[in-house]
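These notes concern the structure reproduced below.
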Amino acid sequence: MAGKSKAKNKGRGSSSNAAESLDSNSKTVASSLAAKSSVGDASESLSNGTESHQSSTVDEVMDSKAEAANSSTATSKPAEAGEVQLYPISVKTQAGGKLELQLSPADSVMDIRQFLLDAPETCFFTCYDLILHTKDGSSHHLGDYNEISEVVDITHGGCSLEMVGALYDERSIRSHVHRARELLSLSTLHTSTSTLLALQSENTKQKSADAAKAEIPELDGSGFMEDVTGSLGNLTMPSTKKIDCLESLIFSSFNPPPSYRSLVGDLIYLDVVTLEGNKFCITGTTKAFYVNSSTGNILDSRPAKSNHEASTLIGLLQKLSPKFKKGFHEILNYKASAHPFENVQSLLPTNSWLGAHPIPDHKRDASRAEDAVTLSFGADLIGMQRDWNEELQACREFPHQTLHERILRNRALYKVSCDFVDAATNGAIGVINRCIPPLNPTDPEYLHMYAHNNIFFSFAVDAELRHVSNDHKSSVKSKVDHASEHSESSKTEVQGAASDVCAEALIADCEQATYASSNNDLKGTKAFQEADVTGLYNLAMAIIDYRGYRVVAQSIIPGILQGKSDSLLYGSMDNGKTICWNESFHSKVLEAAKHLHLKEHTVLDGSGNAFKLAAPVECKGIVGSDDRHYLLDLMRVTPRDANYPGSEARFCILRPELIASFYQAEAAERSSSKSETGDAVTVTKETDSQNGSAESVPNEEDKKPDAEETSTAADSLSEAMVLNPNVLTEFKLGGSEEEITADEEMVKKAGSYLMNVVLPKFVQDLCALEVSPMDGQTLTDALHSHGINIRYLGKVAEMTKHLPHLRDICTNEILVRSAKHILKDLLMESLDHDLGQTISHFLNCFIGNVLPKGGNASATKAQLANEHKAQQSSQSQNKTAKGHIKWGDGASANGQSAYMLLTSEKLWSYIQGFAQFKYQFELSDEARLGVKKITVVRNLCQKVGIKIAARKYDFEAAAPFQISDILDLQPVVKHSVPVCSEARDLMDTGKARLAEGMLSEAYVLFSEAFALLQQVTGPMHREVASCCRYLAMVLYHAGDIAGAIMQQHKELIINERCLGLDHPDTAHSYGNMALFYHGLNQTELALRHMSRTLLLLSLSSGPDHPDVAATFINVAMMYQDIGKMDTALRYLQEALKKNERLLGSEHIQTAVCYHALAIAFNCMRAYKLSLQNEKKTYDILVKQLGEEDSRTRDSENWIKTFQLREQQANVQKQKGQAVNAASAQEAVDFLRAHPELVQAFQAASLGTGKANRSSVNRSINSSMINEALPRGRGVDERAARAAAQVRKKAAARGHQMRPNAVPTQALPQLAHLLNIINPGVSTTQAQPNEYDKEPSTGLGSGSTSNGTVLTNESVDSAPVGLGTGLASLDSKKQKLKTKG
């Protein structure tokens, strides 16, 4: 079970391995940084990673230069310090062939089985035993859960493996058939868009007659992407190539085998139709597969032919059908040609909100139909159900003293947790679709509880009990109102007494089972899991939102459903009236509380008895029948938020991230105050000793108490900075009044710290672009990482309203979150056949303009104004106390579906009310008019799980969505899958080293984190993507751009799979990829990636965002480097407009734009404009950073440089005017002596078509023959023919031709002429519009267009971070060119 996860990290050593790029990259970095001894530590452990596949065409396209730079063979070599040594082991397959694996002694047998499943030669063998042969002749049978080191030491060599066929049983033969179907499908292959872009670029180059002269196209729509809706089709996953091998492969209707055939070994019957049209009935036995003689409706189990038999299904089909054999090999080759990461499955796949349009045809598929009919909602059809709780807790009990033990433990925990989330999601869908019967069917529907696949399911509903049937609604409502005043009981304890407890007792659970409490419970479970206290256990947990319902899934405490678990040992069942306490339990909870900064405190029960607790009162400590201590119902692990008083806000608690930040801030403050006090005492003692006071001289006995006091003070400091989770609640606290008051003040201080320190600092970071969210999800992640709850979103919106892009993101997020709750209410009220109509109607009300039937807009607004006043006076009419809408009563009274009552004006009224209640934010009508429609539709679909067709929508229409546009409704899942803390620590240290410029150390740390995560989570994890991103950055800064591209490509694939095709991180991955390709002079491919970047950024945030402006600057630099200055200036000017509009005219990013414009004008020799823009840069930097900042001084140096160049240009211009008259006659004489130059000039004037060039040539011609300028003269055909002859002769001699058709050998004469006309001006300078023909090196190239050499200091220190973008990129290009 656990080995499968690790097995993803390795593969066949004999095949070309993309993960070897990490090892080769380490050599490159080592040679670049002179740090060979430390680079390869962790990367060698990956030299046989998941990426084991044959050399691929795609990799040749993506990494052609990387392969040339990093080509090396992976051979066995002595292990360096920290390396995992791999040893070659030969394997004899069932078919008699041989292959070689690179194995480590720590590999398990399950790992080896996974390696063999990945190898093309053995991928279809599933039922076999492994025999290990040693060099001394002994043989060992390997059990699946053994490590190789437990059986034999392979380090001595001479070992080999043999695959020996085993007997099938009913379970294994079904698994074998499932594996065969999986191999015949390409649905598991996910091709990256970056891979397709590289292939398109390669095809374009091959089709071009001259790739070097191929015109680089401009980005679509100038890249401004104002209309993103037309590009939605480009955001869907490209369709997978279809390779047919069979017509059909289905389970035969002869199944199950009759008893008399079962007694002789028959297990299964299959019906197969080949591409040749032949039909076969195949019998699967315990030993093999063979074709039987059945032809009609009667089973004939006799073998049809003796040679139609094989040990595997794939082997038999290859014998039966030549077309199958050919197609199967094509499938294997196609999978092998893909990037290795594109074949790896994600354990936690993300939802896609866009589906293919037009909708592909739904074709017959018998295999798919069988899977749907046998759908078990996550349970295994054959064999025992998995005991999720036992698996999870057993994994937690794994030893974890050494690094290898921790890797095994973390890998097992991650795999089990991911499997649980998958099973819980499928089970929740079955619960909501009413396919799984409840444990308590006689209770109201909203109180139903379910046990399926050893997972307990319950609904998280609101206290108003809107889902109670009409028969119970009034009675239950009154009981809830009464019960909510007294107590909250545990939904988990209800598990054990589901059949005994009446509905009245269960009603109180609804207060606790709200959306907020379930979120808090999940956060509390995560917190205790990360504390990882030995002997204290938590349940596996997941929250599934689907069709408007929220289902909480938990693993089941052993014995609780059978009533065998012990009674409550810790916490309270009745809201503090009676409290249970156990010394052993309390000691474990207290240890966890130290990690969570919670205080041990005294609580009084209803009888006045005092108990010491270190957790919230309502938590439950239960000992299961397995004698493990379980702690659950952790809704209030952190203290209450003092900024939200009142009983209705009792689940408004502080986030764990804020508690950690507050603890660090308090520790820093107290330590600084202590040090100041100590310094004062030291000064006093020194003064006293100088005065000769005998009493002031301390002796040895005096010093010892001082040291003891210091350590005691540190302990007391730690103890003083803990928080009591039960203050500011209805529970009775024990202890003195002073202690209670101090605890309350500490919690209030934490709330004040959030309001007065964290929030302003977060807003400051937003304004300074230190934190730059692109959409609602990244904004939410940023808030949570800073410890800010989402309920503060309204305050953040108010504090950032002066910045348009932040105001829009915050407003849109509030708008979408409010609409989400209303849509969920609608979905819960909708019948199964109304779901598509409900969603499309809601989206039309949300985006379009839906009016009530038979009404007009003016009447609707007046009616809604009256309704809004009535709602404010009596919320129970149309809205619940928590802002949720009641639809059912009104809809049923009119005989209409609930969604039909909704109009655009009514929906907006509800959204405004919810936003005011939840976020204390007033949504104005301007916000409604200025909403970015495609952005909010995307955000809403992602939050609710809606998938719409990827077509162009007319958002100006009254009803832009149709029912056919709604393709799917998917579950949205929150889970508590553990993370690898060690890898996170390594990455944090690596980031610090990278910031310090210590590239070698940073590379080692990121490589170790990458290796660790690969073994724990496999490659498909966002943390692995983060490692690849930082590895790419290190390689890029080390000069290995090819290696950086390889790592960046991995990050891009992972982000597309784990985060989504249009996630902002995916967009930034494309941007980085573009910069790296540009660094290798593949500008056309770089611009393709930049176009994708702009599309994704515009979709997530809209075109108005500073990141879009920054991307424009990078695009402009690329066009500048290829000489397209007009296009570059358009992008720079657009970026300047955006930054001035979004950030203001005095923001640092605006200064970046001015500096980029200055560099662009410098390349065009418009030094006066360069000087003007750089002065604006300097003024902004002086105001924002001061004159002493290094960036300000760099800008000042640029100003001096531009001034000098302008002066030089003026001097040269004056010299040219002075000598013009004197040299005119000499030039005429020279041209009379060389008439071929006159013909060349005339041809050039015809070729360029420019009036100024033509007039110059005609002037020279007329001066030669002493006649006036010709008027109305046609084309000189003789000159054109002469120019053509010149070109032919030059081409025949192999001479290079200039754009003006003058051969290179004619340049000395032309140079002599130009020196006569304009002495003091170089030939390069004399050619007009040169920047249109040759690329300018731009910023950071080391030289300018007029030949002035810039120092490295001026290049590397380009103002405000430009040097970290294309500036440093250009310097890397120059290094590559020099090496070449």
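Only a predicted model underlies this, so the values are computations on that prediction, with no experimental measurement involved. All residue numbers in this chain count up from 1 along the given sequence.
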So do the side chains of [X] and [Y] get within less than 4.5 Å of each other, counting heavy atoms only?
X: N538; Y: L632; result: no
X: I455; Y: F420; result: yes
X: W908; Y: D925; result: yes
X: L658; Y: V758; result: yes
X: L902; Y: H841; result: yes
X: E618; Y: D633; result: no
X: L835; Y: T838; result: no
X: H805; Y: L803; result: yes

Of L232, I839, V937, which is the lone residue that meets side-chain contact (heavy atoms from CB on, under 4.5 Å) with I948?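 Result for side-chain contact (heavy atoms from CB on, under 4.5 Å) with I948: V937.
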If only atom types and distance count, is the side chain of [X] paired as donor or acceptor with the main-chain N or O of [Y] below 3.5 Å?
X: N440; Y: L447; value: yes
X: H786; Y: I788; value: no
X: H1105; Y: S1100; value: no
X: K906; Y: P852; value: no
X: S555; Y: A540; value: yes
X: S904; Y: C845; value: yes
X: R938; Y: D1062; value: yes
X: R636; Y: P725; value: yes
X: S1101; Y: L1097; value: yes
X: N520; Y: I653; value: no

For a quick check under 3.5 Å, do N812 and R817 share a side-chain donor-acceptor pair by atom type?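 Their side chains do not contain a donor-acceptor pair, so the 3.5 Å distance test is not met.
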Between N939 and E813: side-chain donor-acceptor atoms closer than 3.5 Å: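 Side-chain D/A pair, N939 to E813: present.
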Just say parallel, tilted or perpendicular for the rings of Y549 and F459, cut-offs at 30° and 60°.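 Tilted: the ring planes of Y549 and F459 meet at 30° to 60°.
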Under 30°, 30 to 60°, or over 60°: which ring-plane class applies to F955 and Y953, parallel, tilted or perpendicular?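 Answer is parallel, since the angle falls under 30°.
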Check this for me: does any side-chain nitrogen of one of [X] and [Y] sit under 4.0 Å from a carboxylate oxygen of the other?
X: K932; Y: D775; answer: no
X: R928; Y: E905; answer: yes
X: K943; Y: D545; answer: no
X: K801; Y: E798; answer: yes

Please list, chain by chain and in numerical order, all residues satisfying salt bridge (charged side-chain N to carboxylate O under 4.0 Å, His left out) with [X], sequence neighbours excluded.
X: D965; value: R951
X: K820; value: none
X: K523; value: none

Minimum heavy-atom separation for [X] and [Y], please, with both atom names.
X: F457; Y: A428; answer: CE2-N, 3.6 Å
X: C810; Y: V796; answer: SG-CG1, 3.9 Å
X: L851; Y: T903; answer: C-CG2, 4.0 Å
X: F921; Y: A797; answer: CE1-CB, 3.6 Å
X: A915; Y: I814; answer: CB-CG2, 3.7 Å
X: A819; Y: I911; answer: CB-CD1, 3.9 Å

Could you give me the CA-CA distance, side-chain angles and deciding distance for L783 and N789, then say whether side chain to side chain contact (heavy atoms under 4.5 Å, CB included) is met? CA-CA 7 Å; L783 286 168; N789 303 86; over 6 Å; no
Flag if over 12 foreign heavy atoms under 6.0 Å of [atom1], [X]:
X: K795; atom1: NZ; value: yes
X: Q920; atom1: CD; value: yes
X: R1022; atom1: CZ; value: no

Please step through side chain to side chain contact (heavy atoms under 4.5 Å, CB included) for the pair D641 and R791, ending with a clear verdict. CA-CA 11 Å; D641 189 351; R791 58 179 171 270; 3.2 Å; yes
Measuring from atom [atom1] of [X] to atom [atom2] of [Y], what distance do you get when rounded to the nearest 0.5 angstrom?
X: R550; Y: I543; atom1: CZ; atom2: CD1; result: 5.0 Å
X: F917; Y: S818; atom1: CZ; atom2: OG; result: 11.5 Å
X: I429; Y: I432; atom1: CD1; atom2: CD1; result: 7.5 Å
X: Y899; Y: N844; atom1: OH; atom2: CG; result: 11.5 Å
X: S840; Y: Q962; atom1: OG; atom2: CD; result: 9.0 Å
X: W353; Y: I946; atom1: CH2; atom2: CD1; result: 11.0 Å

Give the intermediate values and the outcome of salt bridge (charged side-chain N to carboxylate O under 4.0 Å, His left out) for residues R547 and D832. CA-CA 10 Å; R547 285 185 55 173; D832 292 351; 2.6 Å; yes
Applying side chain to side chain contact (heavy atoms under 4.5 Å, CB included), run through H1063 and T778 and close with a yes or a no. CA-CA 9 Å; H1063 193 277; T778 50; 4.1 Å; yes
Is the distance between the ring centroids of Y792 and Y644 less than 6.0 Å?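 Ring centres of Y644 and Y792 closer than 6.0 Å.
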Could you please spell out the steps behind the side chain to side chain contact (heavy atoms under 4.5 Å, CB included) verdict for L815 and V931? CA-CA 9 Å; L815 177 67; V931 68; 3.7 Å; yes
